[in-house]
2 protein chains.
Amino acid sequence: MTELPDQAASQVRLAAVRLSRRLRAQKSDDRVTDSQMTVLMHLSKHGSLTLSELAEAERISAPSMNRTVDCLETDGHVVRTPDPVDRRKTNITATDSGREIVAATLHKRNAWLTERMHELTPAERATLLAASEIMDRIATQ
Amino acid sequence: MTELPDQAASQVRLAAVRLSRRLRAQKSDDRVTDSQMTVLMHLSKHGSLTLSELAEAERISAPSMNRTVDCLETDGHVVRTPDPVDRRKTNITATDSGREIVAATLHKRNAWLTERMHELTPAERATLLAASEIMDRIATQ
DNA sequence: ATAGATAGTTAGCCTAGCTCATTAGCGGTG
DNA sequence: CACCGCTAATGAGCTAGGCTAACTATCTAT
(Lines give C-alpha, C1' and ligand atoms only; values in the text may rest on other atoms or scores of the structure.)
Protein backbone atom coordinates (compact mmCIF):
# COMPACT_ATOMS: atom_id res chain seq x y z
CA MET A 1 0.00 0.00 0.00
CA THR A 2 2.75 2.39 0.88
CA GLU A 3 4.63 1.38 -2.25
CA LEU A 4 1.52 1.56 -4.41
CA PRO A 5 -0.26 4.65 -3.17
CA ASP A 6 -1.89 5.28 -6.54
CA GLN A 7 -3.58 1.92 -6.58
CA ALA A 8 -4.81 2.31 -3.03
CA ALA A 9 -6.21 5.73 -3.88
CA SER A 10 -7.71 4.31 -7.02
CA GLN A 11 -9.47 1.59 -5.09
CA VAL A 12 -10.83 4.02 -2.53
CA ARG A 13 -11.92 6.38 -5.27
CA LEU A 14 -13.77 3.72 -7.21
CA ALA A 15 -15.47 2.41 -4.09
CA ALA A 16 -16.62 5.87 -3.00
CA VAL A 17 -17.92 6.76 -6.44
CA ARG A 18 -19.70 3.46 -6.94
CA LEU A 19 -21.31 3.46 -3.51
CA SER A 20 -22.41 7.05 -3.88
CA ARG A 21 -23.95 6.26 -7.25
CA ARG A 22 -25.71 3.22 -5.88
CA LEU A 23 -27.03 5.20 -2.95
CA ARG A 24 -28.42 7.86 -5.20
CA ALA A 25 -30.20 5.20 -7.25
CA GLN A 26 -32.13 4.15 -4.11
CA LYS A 27 -34.41 7.12 -4.23
CA SER A 28 -36.92 5.82 -1.69
CA ASP A 29 -40.13 7.84 -2.23
CA ASP A 30 -40.03 11.20 -1.77
CA ARG A 31 -40.84 14.74 -1.48
CA VAL A 32 -37.28 16.05 -1.62
CA THR A 33 -34.13 15.19 -3.54
CA ASP A 34 -30.95 13.99 -1.95
CA SER A 35 -29.19 17.33 -1.81
CA GLN A 36 -32.32 19.05 -0.56
CA MET A 37 -32.52 16.48 2.22
CA THR A 38 -28.92 17.18 3.21
CA VAL A 39 -29.66 20.87 3.49
CA LEU A 40 -32.77 20.26 5.58
CA MET A 41 -30.80 18.00 7.91
CA HIS A 42 -28.18 20.66 8.29
CA LEU A 43 -30.74 23.33 9.02
CA SER A 44 -32.66 21.32 11.56
CA LYS A 45 -29.38 20.58 13.30
CA HIS A 46 -27.88 24.06 13.25
CA GLY A 47 -30.89 26.32 13.06
CA SER A 48 -30.76 29.36 10.81
CA LEU A 49 -27.85 29.57 8.37
CA THR A 50 -26.88 31.84 5.49
CA LEU A 51 -26.48 30.63 1.94
CA SER A 52 -22.70 30.87 2.11
CA GLU A 53 -22.59 28.89 5.32
CA LEU A 54 -24.66 26.14 3.77
CA ALA A 55 -22.54 26.12 0.62
CA GLU A 56 -19.36 25.92 2.62
CA ALA A 57 -20.69 23.16 4.83
CA GLU A 58 -21.28 20.96 1.80
CA ARG A 59 -18.26 22.30 -0.07
CA ILE A 60 -20.23 23.36 -3.10
CA SER A 61 -20.46 26.73 -4.79
CA ALA A 62 -22.89 29.39 -3.64
CA PRO A 63 -24.89 29.32 -6.90
CA SER A 64 -25.30 25.56 -6.62
CA MET A 65 -26.58 25.86 -3.10
CA ASN A 66 -28.76 28.75 -4.15
CA ARG A 67 -30.62 26.56 -6.60
CA THR A 68 -31.20 23.88 -3.99
CA VAL A 69 -32.50 26.45 -1.53
CA ASP A 70 -34.72 27.92 -4.26
CA CYS A 71 -36.40 24.57 -4.73
CA LEU A 72 -36.85 24.08 -1.01
CA GLU A 73 -38.32 27.55 -0.69
CA THR A 74 -40.73 27.00 -3.58
CA ASP A 75 -41.93 23.83 -1.91
CA GLY A 76 -42.33 25.62 1.41
CA HIS A 77 -39.70 23.65 3.30
CA VAL A 78 -37.49 26.63 4.12
CA VAL A 79 -37.95 30.40 4.41
CA ARG A 80 -35.51 33.17 3.63
CA THR A 81 -35.45 36.10 6.03
CA PRO A 82 -33.15 39.08 5.47
CA ASP A 83 -30.57 39.55 8.21
CA PRO A 84 -31.53 42.63 10.24
CA VAL A 85 -27.92 43.57 10.96
CA ASP A 86 -26.15 42.87 7.65
CA ARG A 87 -28.73 43.25 4.93
CA ARG A 88 -26.56 41.52 2.36
CA LYS A 89 -27.16 38.31 4.21
CA THR A 90 -30.20 36.09 4.07
CA ASN A 91 -30.99 33.71 6.89
CA ILE A 92 -32.39 30.41 5.79
CA THR A 93 -34.56 28.46 8.21
CA ALA A 94 -36.43 25.18 7.95
CA THR A 95 -40.20 25.45 8.23
CA ASP A 96 -42.35 22.99 10.17
CA SER A 97 -42.88 21.19 6.89
CA GLY A 98 -39.12 20.97 6.38
CA ARG A 99 -38.47 19.66 9.86
CA GLU A 100 -41.28 17.19 9.50
CA ILE A 101 -39.71 15.82 6.33
CA VAL A 102 -36.38 15.31 8.06
CA ALA A 103 -38.01 13.38 10.86
CA ALA A 104 -40.11 11.28 8.54
CA THR A 105 -37.60 10.63 5.80
CA LEU A 106 -34.36 9.90 7.59
CA HIS A 107 -34.78 6.22 8.12
CA LYS A 108 -36.53 5.59 4.83
CA ARG A 109 -33.67 7.30 3.05
CA ASN A 110 -31.12 5.07 4.70
CA ALA A 111 -33.09 1.85 4.56
CA TRP A 112 -31.20 0.28 1.69
CA LEU A 113 -27.78 0.95 3.18
CA THR A 114 -28.91 -0.01 6.67
CA GLU A 115 -30.03 -3.34 5.33
CA ARG A 116 -26.73 -3.89 3.51
CA MET A 117 -24.82 -3.02 6.66
CA HIS A 118 -26.87 -5.55 8.57
CA GLU A 119 -25.48 -8.27 6.34
CA LEU A 120 -21.92 -7.37 7.33
CA THR A 121 -19.98 -8.82 10.23
CA PRO A 122 -19.62 -6.57 13.30
CA ALA A 123 -15.94 -6.11 12.43
CA GLU A 124 -16.82 -5.00 8.90
CA ARG A 125 -19.38 -2.54 10.22
CA ALA A 126 -16.80 -1.13 12.60
CA THR A 127 -14.31 -0.75 9.76
CA LEU A 128 -16.89 0.99 7.63
CA LEU A 129 -17.87 3.37 10.39
CA ALA A 130 -14.26 4.21 11.18
CA ALA A 131 -13.53 4.75 7.51
CA SER A 132 -16.55 6.99 7.07
CA GLU A 133 -15.15 9.32 9.68
CA ILE A 134 -11.84 9.45 7.81
CA MET A 135 -13.52 9.93 4.45
CA ASP A 136 -15.62 12.76 5.75
CA ARG A 137 -12.58 14.43 7.21
CA ILE A 138 -10.76 14.17 3.89
CA ALA A 139 -13.76 15.37 1.94
CA THR A 140 -14.48 18.42 4.05
CA GLN A 141 -11.01 19.46 5.07
CA MET B 1 -23.86 1.20 16.31
CA THR B 2 -25.94 -1.93 16.49
CA GLU B 3 -28.61 -0.02 18.35
CA LEU B 4 -28.43 2.95 16.02
CA PRO B 5 -28.13 1.39 12.58
CA ASP B 6 -29.81 4.33 10.87
CA GLN B 7 -27.29 6.79 12.20
CA ALA B 8 -24.39 4.57 11.22
CA ALA B 9 -25.81 4.22 7.74
CA SER B 10 -26.42 7.93 7.60
CA GLN B 11 -22.82 8.65 8.51
CA VAL B 12 -21.50 6.25 5.91
CA ARG B 13 -23.85 7.66 3.32
CA LEU B 14 -22.83 11.25 3.94
CA ALA B 15 -19.16 10.35 3.87
CA ALA B 16 -19.44 8.44 0.61
CA VAL B 17 -21.46 11.15 -1.08
CA ARG B 18 -19.22 13.96 0.12
CA LEU B 19 -16.02 12.20 -0.83
CA SER B 20 -17.36 11.26 -4.22
CA ARG B 21 -18.41 14.85 -4.84
CA ARG B 22 -15.06 16.15 -3.74
CA LEU B 23 -13.26 13.65 -5.94
CA ARG B 24 -15.25 14.63 -8.95
CA ALA B 25 -14.42 18.26 -8.33
CA GLN B 26 -10.69 17.41 -8.71
CA LYS B 27 -10.87 17.15 -12.44
CA SER B 28 -7.10 17.22 -13.05
CA ASP B 29 -6.67 18.25 -16.69
CA ASP B 30 -7.81 16.14 -19.13
CA ARG B 31 -8.77 14.53 -22.27
CA VAL B 32 -11.45 12.29 -20.81
CA THR B 33 -14.10 12.61 -18.11
CA ASP B 34 -14.25 10.54 -15.00
CA SER B 35 -16.70 7.96 -16.24
CA GLN B 36 -14.94 7.68 -19.58
CA MET B 37 -11.74 7.01 -17.70
CA THR B 38 -13.42 4.25 -15.70
CA VAL B 39 -14.56 2.58 -18.90
CA LEU B 40 -11.11 2.82 -20.46
CA MET B 41 -9.58 1.30 -17.35
CA HIS B 42 -12.06 -1.52 -17.51
CA LEU B 43 -11.38 -2.15 -21.16
CA SER B 44 -7.64 -2.14 -20.85
CA LYS B 45 -7.97 -4.59 -17.99
CA HIS B 46 -10.49 -6.96 -19.52
CA GLY B 47 -9.99 -6.50 -23.24
CA SER B 48 -13.02 -6.38 -25.49
CA LEU B 49 -16.42 -6.06 -23.79
CA THR B 50 -19.97 -5.49 -24.93
CA LEU B 51 -22.03 -2.50 -23.97
CA SER B 52 -24.16 -4.52 -21.56
CA GLU B 53 -21.12 -5.96 -19.87
CA LEU B 54 -19.70 -2.50 -19.35
CA ALA B 55 -23.02 -1.18 -18.07
CA GLU B 56 -23.38 -4.05 -15.66
CA ALA B 57 -19.83 -3.71 -14.41
CA GLU B 58 -20.53 -0.14 -13.34
CA ARG B 59 -24.13 -0.86 -12.39
CA ILE B 60 -25.54 1.81 -14.65
CA SER B 61 -28.14 1.54 -17.39
CA ALA B 62 -27.26 0.55 -20.93
CA PRO B 63 -28.27 3.92 -22.39
CA SER B 64 -26.07 5.72 -19.88
CA MET B 65 -23.11 3.57 -20.79
CA ASN B 66 -23.96 3.97 -24.45
CA ARG B 67 -23.52 7.72 -24.21
CA THR B 68 -20.16 7.37 -22.52
CA VAL B 69 -19.00 4.92 -25.17
CA ASP B 70 -20.28 7.26 -27.89
CA CYS B 71 -18.07 10.03 -26.61
CA LEU B 72 -15.08 7.73 -26.36
CA GLU B 73 -15.69 6.52 -29.91
CA THR B 74 -16.02 10.04 -31.27
CA ASP B 75 -12.71 10.91 -29.68
CA GLY B 76 -11.08 7.79 -31.08
CA HIS B 77 -10.35 6.13 -27.76
CA VAL B 78 -12.45 3.02 -28.42
CA VAL B 79 -13.78 1.20 -31.48
CA ARG B 80 -17.00 -0.74 -31.90
CA THR B 81 -16.79 -3.97 -33.87
CA PRO B 82 -19.87 -6.10 -34.52
CA ASP B 83 -19.68 -9.54 -32.96
CA PRO B 84 -19.24 -12.11 -35.75
CA VAL B 85 -21.24 -14.78 -33.91
CA ASP B 86 -24.15 -12.85 -32.41
CA ARG B 87 -24.74 -9.85 -34.59
CA ARG B 88 -26.88 -8.13 -31.97
CA LYS B 89 -23.75 -7.62 -29.96
CA THR B 90 -21.07 -4.99 -30.40
CA ASN B 91 -17.61 -5.52 -29.04
CA ILE B 92 -16.00 -2.44 -27.63
CA THR B 93 -12.22 -2.23 -27.55
CA ALA B 94 -9.78 0.43 -26.42
CA THR B 95 -7.59 1.88 -29.16
CA ASP B 96 -3.91 2.67 -28.72
CA SER B 97 -4.99 6.19 -27.93
CA GLY B 98 -7.34 4.92 -25.23
CA ARG B 99 -4.74 2.70 -23.65
CA GLU B 100 -2.23 5.49 -23.77
CA ILE B 101 -4.61 7.72 -21.86
CA VAL B 102 -5.07 5.14 -19.13
CA ALA B 103 -1.34 4.81 -18.68
CA ALA B 104 -0.76 8.54 -18.69
CA THR B 105 -3.73 9.66 -16.65
CA LEU B 106 -4.02 7.17 -13.82
CA HIS B 107 -1.74 8.79 -11.36
CA LYS B 108 -2.74 12.32 -12.22
CA ARG B 109 -6.35 11.41 -11.68
CA ASN B 110 -5.66 10.07 -8.23
CA ALA B 111 -3.15 12.69 -7.20
CA TRP B 112 -5.45 14.62 -4.93
CA LEU B 113 -6.65 11.58 -3.03
CA THR B 114 -3.19 10.04 -2.94
CA GLU B 115 -1.90 13.19 -1.31
CA ARG B 116 -4.73 13.21 1.24
CA MET B 117 -4.06 9.57 2.03
CA HIS B 118 -0.42 10.37 2.60
CA GLU B 119 -1.43 12.64 5.43
CA LEU B 120 -3.15 9.79 7.23
CA THR B 121 -1.57 7.42 9.72
CA PRO B 122 -0.78 3.92 8.42
CA ALA B 123 -3.64 2.58 10.53
CA GLU B 124 -6.06 5.04 8.98
CA ARG B 125 -4.90 4.12 5.51
CA ALA B 126 -5.41 0.47 6.30
CA THR B 127 -8.91 1.17 7.60
CA LEU B 128 -9.75 3.13 4.48
CA LEU B 129 -8.46 0.42 2.20
CA ALA B 130 -10.34 -2.30 4.05
CA ALA B 131 -13.51 -0.23 4.01
CA SER B 132 -13.18 0.46 0.31
CA GLU B 133 -13.31 -3.26 -0.35
CA ILE B 134 -16.50 -3.52 1.73
CA MET B 135 -18.06 -0.49 0.08
CA ASP B 136 -17.33 -1.82 -3.35
CA ARG B 137 -18.86 -5.15 -2.44
CA ILE B 138 -22.00 -3.45 -1.17
CA ALA B 139 -22.19 -1.19 -4.19
CA THR B 140 -21.81 -3.89 -6.81
CA GLN B 141 -23.54 -6.79 -5.15
C1' DA C 1 -43.28 -19.16 -39.16
C1' DT C 2 -43.67 -16.62 -35.68
C1' DA C 3 -43.59 -14.95 -30.86
C1' DG C 4 -40.87 -13.59 -27.30
C1' DA C 5 -36.40 -12.33 -25.48
C1' DT C 6 -32.12 -9.80 -25.87
C1' DA C 7 -28.61 -6.07 -27.51
C1' DG C 8 -27.98 -1.79 -28.88
C1' DT C 9 -29.49 2.67 -29.78
C1' DT C 10 -32.20 7.24 -29.94
C1' DA C 11 -34.80 10.72 -27.70
C1' DG C 12 -35.83 13.27 -24.05
C1' DC C 13 -35.89 14.09 -19.07
C1' DC C 14 -33.72 15.12 -14.40
C1' DT C 15 -30.30 16.12 -10.68
C1' DA C 16 -26.69 18.52 -9.36
C1' DG C 17 -22.45 20.35 -9.99
C1' DC C 18 -19.81 24.54 -12.29
C1' DT C 19 -18.34 29.59 -14.01
C1' DC C 20 -19.28 34.23 -15.17
C1' DA C 21 -21.56 38.34 -14.41
C1' DT C 22 -24.76 41.30 -11.89
C1' DT C 23 -26.95 43.60 -7.95
C1' DA C 24 -27.10 45.10 -3.31
C1' DG C 25 -25.06 46.25 0.84
C1' DC C 26 -21.09 47.04 3.87
C1' DG C 27 -16.86 49.43 5.54
C1' DG C 28 -12.86 52.12 5.19
C1' DT C 29 -10.25 56.15 3.25
C1' DG C 30 -9.14 60.48 0.66
C1' DC D 1 -19.33 62.58 2.25
C1' DA D 2 -18.20 60.28 -1.88
C1' DC D 3 -16.13 56.60 -3.66
C1' DC D 4 -13.68 52.11 -3.90
C1' DG D 5 -13.13 47.52 -2.96
C1' DC D 6 -15.00 43.58 -0.70
C1' DT D 7 -18.73 40.33 0.34
C1' DA D 8 -23.45 38.05 -0.13
C1' DA D 9 -26.83 36.54 -2.93
C1' DT D 10 -28.55 35.59 -7.25
C1' DG D 11 -29.40 34.96 -12.43
C1' DA D 12 -28.00 32.85 -16.78
C1' DG D 13 -26.26 29.35 -19.07
C1' DC D 14 -23.14 25.20 -19.38
C1' DT D 15 -21.72 20.33 -18.37
C1' DA D 16 -21.61 15.55 -16.69
C1' DG D 17 -23.90 11.75 -15.88
C1' DG D 18 -27.72 9.38 -14.24
C1' DC D 19 -32.67 7.68 -15.80
C1' DT D 20 -37.02 5.65 -18.60
C1' DA D 21 -39.54 4.80 -22.76
C1' DA D 22 -39.61 3.34 -27.18
C1' DC D 23 -37.55 1.59 -31.43
C1' DT D 24 -34.72 -1.69 -34.44
C1' DA D 25 -32.26 -5.69 -35.31
C1' DT D 26 -31.23 -10.10 -34.19
C1' DC D 27 -31.53 -14.43 -32.03
C1' DT D 28 -34.01 -18.53 -30.09
C1' DA D 29 -37.45 -21.63 -29.12
C1' DT D 30 -41.89 -23.44 -30.04
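Because only heavy atoms are used, hydrogens play no part in the values below, and waters and symmetry mates are left out as well, while side chains stay in. In this text, all values refer to a predicted model and were calculated from it rather than measured experimentally. In the text below, chain A, chain B and the rest are named by the order of the sequence lines, each starting its count at 1.
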Any base atoms under 4.0 Å from [X], or only sugar-phosphate, or nothing? Heavy atoms, all strands.
{"X": "Asp34(B)", "value": "sugar-phosphate"}
{"X": "Asp86(A)", "value": "sugar-phosphate"}
{"X": "Thr50(A)", "value": "sugar-phosphate"}
{"X": "Arg80(A)", "value": "sugar-phosphate"}
{"X": "Thr33(B)", "value": "sugar-phosphate"}

side-chain N/O [X] vs [N] OP1/OP2, d < 4.0 Å:
{"X": "Asn66(B)", "N": "dT9(C)", "value": "yes"}
{"X": "Arg87(A)", "N": "dA9(D)", "value": "no"}
{"X": "Ser64(B)", "N": "dC19(D)", "value": "yes"}

Review point. Is Thr95(A) close to Glu100(A) at the side-chain level, that is, under 4.5 Å between some pair of heavy atoms?
Key: no
Test your reading of the model: is there a side-chain donor-acceptor pair from [X] to the backbone of [Y], 3.5 Å cut-off?
{"X": "Arg125(B)", "Y": "Met117(B)", "result": "yes"}
{"X": "Glu56(A)", "Y": "Glu53(A)", "result": "no"}
{"X": "Arg59(A)", "Y": "Thr140(A)", "result": "yes"}
{"X": "Asp75(A)", "Y": "His77(A)", "result": "no"}

What is the distance, to the nearest angstrom, from the [atom1] atom on [X] to the [atom2] atom on [N]?
{"X": "Met65(B)", "N": "dA16(D)", "atom1": "CE", "atom2": "C1'", "result": "14 Å"}
{"X": "Ile60(B)", "N": "dC14(C)", "atom1": "CD1", "atom2": "P", "result": "20 Å"}
{"X": "Leu51(B)", "N": "dT26(D)", "atom1": "CG", "atom2": "P", "result": "17 Å"}
{"X": "Arg24(A)", "N": "dC19(D)", "atom1": "CZ", "atom2": "P", "result": "10 Å"}
{"X": "Arg59(A)", "N": "dC18(C)", "atom1": "CZ", "atom2": "P", "result": "12 Å"}
{"X": "Lys89(B)", "N": "dA5(C)", "atom1": "NZ", "atom2": "P", "result": "18 Å"}
{"X": "Glu58(A)", "N": "dT15(C)", "atom1": "CD", "atom2": "C1'", "result": "15 Å"}
{"X": "Leu23(B)", "N": "dG17(C)", "atom1": "CG", "atom2": "P", "result": "14 Å"}

Check your understanding: Of Gln36(A) and Arg88(A), whose nearest nucleotide on DNA chain C comes first from the 5' end?
Key ->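 Result of the comparison: Gln36(A).
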Review point. Does Ile92(B) or Arg67(A) map to a spot on DNA chain C nearer the 5' end, using the closest nucleotide for each?
Key: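 Going by which nucleotide is closer to the 5' end, it is Ile92(B).
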Revision key, fill the gap. By nearest-nucleotide position on DNA chain D, the 5'-leaning member of Pro63(A) and Val17(A) is Pro63(A)
